Amino acid sequence: MQQIHHLINDWYQKNSRDLPWRREGVGGWEVMVSEFMLQQTPVVRVLPVWEQWMRRWPRPQDLAAEPLSEALKAWGRLGYPRRAQRLHAAAVEITTEYNGEVPRTEEALRALPGVGDYTAAAIACFAFGERTVVVDTNIRRVHARLFGGMALPEPSPRASEFARARQVQPEDDGQANLWNVSVMELGALVCTARSPRCDACPVFEQCAWIAAGQPAPHYTPRGQAWKGTDRQVRGAIMAVLREHEHPVPQASFLADLAGQSHATYVALEKLQAESAQRERALAGLLKDGLAVLEDDGVRLPS
DNA sequence: TATCCGTGGCA
DNA sequence: TTGCCAAGGAT
């Protein structure tokens with residue numbers, strides 16, 4: 001096991017990407033913002049938004065002082081705007097409860113809006129050097145192959161995976177800290193979901209999946225439905241709201257598209273969504289607090 | 001625990 | 001072209 005630790009940690013130090021939130025001197029806030037943006041979103045799409053975000057809101061209290069609408073607009077097309085909503089709420093909580101300092105412990109982080117097990121462990125480890133067990137989709141896949149001999153991890157995380165993740169960590173705190181990010185990076189760059197680059201893998205010879213003859217997945221991943229879903233309609237509505245300073249008449253989203261403003265038409269025309277679905281999607285956004293209904297129309301929440 | 005929640009690049 | 005899937009969280 002110590003050999004595997006050395007091989008992967010050494011590989012990381014020679015092959016890791018130079019990402020701005022990994023650089024020397026970055027604080028908890030920079031790491032926290034990156035972790036929120038990286039939830040289910042590729043690095044290349046996060047980079048420019050993160051740079052803008054940090055320039056505009058270098059501290060939690062800077063974001064907390066702004067209305068939610070500004071966070072939603074700055075989030076742009078990153079997707080899952082509720083992440084921006086929760087990041088804003090977390091910034092408010094950090095400002096009021098922690099004097100503007102991102103908490104260092106996993107437990108305190110975990111209590112913030114939008115911070116789950118992964119994000120709490122990641123911020124505590126990457127930003128503050130705390131010893132945590134980080135388990136994300138990359139690490140789950142590497143562990144499933146390297147130690148489990150399987151092509152893919154189970155569709156949903158099992159308790160046994162967290163136990164194994166703890167078990168396989170280096171004893172030394174510093175090495176364990178490095179191990180977290182190294183395994184994650186290996187999963188992102190080499191041990192990928194589709195067509196892994198096993199020829200470039202530092203632990204090819206130790207891999208249980210290779211030893212087993214690279215067996216196929218024991219299940220077929222269930223695709224993420226998109227076409228015709230409420231999510232698609234919600235996204236289109238949010239795109240319209242981000243572009244409008246003033247409330248957008250509710251009828252714009254519910255009535256026939258003919259005669260609507262250009263922006264609304266462009267955003268909604270390809271959906272072919274029934275009026276009932278558009279109404280349901282809008283109701284969902286209102287319920288989630290991502291949009292607000294007033295007398296003169298729908299707008300982003302302030 | 002299964003499902004919902006955006007977006008866009010790529011094989 | 002279509003489906004896969006990417007540093008998850010909340011319910």
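Only a predicted model underlies this, so the values are computations on that prediction, with no experimental measurement involved. Naming convention: chains lettered A, B, ... in sequence-line order (proteins, then strands); numbering from 1 in each chain.
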R77(A) CZ to dC5(B) C1', in whole Å, measures 15 Å
Could you check which of dG8(C), dG6(B), dA6(C) has an atom nearest any side-chain atom of P42(A)? dA6(C)
Sole residue of S302(A), P301(A), P247(A) in side chain to side chain contact (heavy atoms under 4.5 Å, CB included) with V292(A): P301(A)
Can you tell me, in whole Å, how much space there is between the P of dC5(B) and that of dA7(C)? 22 Å
Distance check: side-chain N/O of Q40(A) vs OP1/OP2 of dG8(C), anything under 4.0 Å? yes
Nearest to side-chain heavy atoms of P81(A), which nucleotide of dC5(B), dA7(C), dG6(B): dG6(B)
It should be established whether T229(A) places a side-chain nitrogen or oxygen under 4.0 Å from OP1 or OP2 of nucleotide dC5(B). no
Quick check against the 3.5 Å criterion: does D172(A) have a side-chain atom that pairs as donor or acceptor with the backbone of G174(A)? yes
Using heavy atoms to find the nearest nucleotide of DNA chain C for G187(A) and R194(A) separately, return the residue whose nucleotide is more 5′. R194(A)
Without swapping roles, check the side chain of S252(A) against the backbone of P249(A) for a donor-acceptor pair under 3.5 Å. yes
What's the closest nucleotide to the side chain of R86(A) if the choices are dA7(C), dC5(B), dA10(C)? dA10(C)
Indicate whether OP1 or OP2 belonging to dA2(B) is found under 4.0 Å from a side-chain N or O atom of S156(A). yes
Most 5' of K227(A) and R45(A) on DNA chain C, judged by nearest nucleotide: K227(A)
Quick one: does Q40(A)'s side chain have a donor or acceptor within less than 3.5 Å of a partner on G79(A)'s backbone? no
When we call it a touch if two heavy atoms are under 4.0 Å apart, what does G116(A) touch: a base, just sugar-phosphate, or nothing? sugar-phosphate
Winner on side-chain proximity to Y118(A), out of dA6(C), dA7(C), dG6(B), is dA7(C)
Ring centres under 6.0 Å, that's the criterion: do W57(A) and W29(A) meet it? no
Rounding to an integer number of Å, can you tell me how far D288(A) CG sits from dT3(B) P? 19 Å
Inter-nucleotide P distance (dT3(B), dC4(C)), Å rounded: 16 Å
Evaluate the ring planes of W21(A) and W50(A), with Trp represented by its six-membered ring, and classify them as parallel (under 30°), tilted (30 to 60°) or perpendicular (over 60°). perpendicular
Between CZ of R140(A) and C1' of dC5(C) the distance, given in whole Å, is 14 Å
What is the distance, to the nearest angstrom, from the CG atom on N138(A) to the C1' atom on dG8(C)? 12 Å
Atom-pair distance (CZ on R141(A); P on dG8(C)), nearest Å: 10 Å
Contact under 4.0 Å: R234(A) side-chain N or O vs dG6(B) OP1/OP2: yes
Across the strands shown, which category fits W75(A) at heavy-atom distances under 4.0 angstrom: base, sugar-phosphate, nothing? nothing
From the list dA6(C), dG6(B), dA7(C), which nucleotide is the closest neighbour of the side chain of L19(A)? dA7(C)
Could you state the CD-P distance from Q39(A) to dA10(C), rounded to the nearest angstrom? 8 Å
Rounding to an integer number of Å, can you tell me how far L112(A) CG sits from dA10(C) C1'? 15 Å
Between R83(A) (CZ) and dA7(C) (P), how many Å, whole number? 12 Å
